[in-house]
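FYI, side chains are in, hydrogens and waters are out, and symmetry mates aren't considered; it's all heavy atoms of this structure.
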Amino acid sequence: MMNCNHMIYHYAVAGLPFAVSLPVDLRPDILLPSFRDFRIGAGSGCGGESPCGTPVFTLRTADLRDRDTSGDTLLESSSDEMGKTELYAAADGYLVLLRPLPGAPSYMMCASRDFTSACIGLGPVRAGMDSGYTGPALTSMLRILYSQSVLMHGAVSIHASAVVLEGRSYLFTGRSGAGKSTHSRLWLGTFPGAALLNDDNPVIRIVHGQVMAYGTPWSGKTPCYRNTGMPVGGIVRIVQARENTFTPLCDVDAFTSLLPGCSLIRHDPVLLDALCGTLVEVSTSVPVGILGCKADSSAAMCCREALSSY
């Protein structure tokens, strides 16, 4: 039963709704500023229904300070500007532990096996205030929860920078430091009317047989939170090179080029199968290629010309 001391807030990213239940004294616009344009309606009290269909997941707050992790199995560990994130397999699902920089509180999230429900321990947050860590931690946990839950709905969260131009979206993937954001900026500076869609975690979704790319509340260090979607005109893996060369990919090569950038718990066969099904359709429906490029406008022109020739 939902705690009536909580308010339920509804959001939709890439057209997929989800719900976040927070204590009544916490304001989501303070904790989650990048989610403002993705919010649906006002908050509702105990038992409130989603105004946009059944949520793909619901996240609630809980006291997890006594949660014992000694019997859980560490699956993955990674570090970024937020700190260290650890993923554990538990008997009843998954556990995510975020350990920010030294001196900051730790945050824990317990999710069901299919990621349709989860609870998070926010720690000692004062009424109406963000401790400085809680908002970013909640944002990060929601990204993890969303990226796994939507795999069962024909959607994939991908590590990429994305632009829109003339009614189409173009996604640039690659290893960290490859120049994804730089290449997006080249498009913005080279082609009139080009605009940034997202600079870190856009979502690809198949809607009525068409591959679409959407902006999200997660855009890395670039504050670009656009609640809009465009048909995908191409997905390009960026590789630094001395000369501009575009190599088109198809079938297995296109699939394997896209897979590394997708958000996925690779130990989970159900989620992996869902992702692979979506990627097969994506890789056979839109242009995919590798761009070896310089960091100047000629690279943007080379890329656009190659994609237009498909």
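Put simply, the side chain of S184 reaches to within 4.5 Å of the side chain of L196, judged on heavy atoms. Side-chain atoms of L138 and L32, non-hydrogen and from C-beta on, do get closer than 4.5 Å to each other. By the 4.5 Å heavy-atom criterion applied to side chains, P269 and D273 are not counted as neighbours. The closest side-chain heavy-atom distance from M108 to V96 is not below 4.5 Å. Side chains of E86 and L97 form a contact here, defined as non-hydrogen atoms less than 4.5 Å apart.
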Between D72 and R67, is a salt bridge (charged side-chain N to carboxylate O under 4.0 Å, His left out) present by the stated rule, with each step listed?
-> CA-CA 11 Å; D72 302 325; R67 175 64 164 80; 3.1 Å; yes
Could you give me the CA-CA distance, side-chain angles and deciding distance for H153 and V56, then say whether side-chain contact (heavy atoms from CB on, under 4.5 Å) is met?
-> CA-CA 8 Å; H153 298 270; V56 296; 3.6 Å; yes
For the pair T134 and Y107, evaluate side-chain hydrogen bond (donor to acceptor under 3.5 Å, both in side chains) and give the outcome as yes or no after the intermediate values.
-> CA-CA 8 Å; T134 300; Y107 299 88; 3.0 Å; yes
Test log, rule side-chain hydrogen bond (donor to acceptor under 3.5 Å, both in side chains), inputs T61 and H6 | CA-CA 9 Å; T61 58; H6 284 56; 2.7 Å; yes
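Minimum heavy-atom separation, I40 to A12: CD1-CB, 3.4 Å. Taking every heavy atom of both residues into account, R226 and A195 meet most closely at NH1-CB, 3.6 Å.
A donor-acceptor contact shorter than 3.5 Å is absent between the side chain of N227 and the backbone of G215. With T284 contributing its side chain and E281 its backbone, the two residues share a donor-acceptor pair below 3.5 Å. Distance alone, capped at 3.5 Å, places no donor-acceptor pair between the R237 side chain and the G174 backbone. Looking at H159, its side chain never comes within 3.5 Å of a backbone N or O of C262 through a donor-acceptor pair.
The cationic atom of R113 (NZ for Lys, CZ for Arg) lies less than 6.0 Å from the six-membered ring centre of Y94 and within 45° of the ring axis.
The list of salt bridge (charged side-chain N to carboxylate O under 4.0 Å, His left out) pairs with a residue in residues 153-181, not counting sequence neighbours, reads E166-R304.
Tested against R143, the residues V13, N201, D200 include a single side-chain contact (heavy atoms from CB on, under 4.5 Å) partner, N201. The one candidate from V24, L31, D25, I30 that meets the side-chain contact (heavy atoms from CB on, under 4.5 Å) condition with R27 is I30.
The ring-ring contact (aromatic ring centres under 6.0 Å, His included) check on F191 picks up W187, with sequence neighbours excluded.
Around the CD atom of E305, the shell of radius 6.0 Å holds no more than 12 heavy atoms that belong to other residues, nucleotides or ligands.
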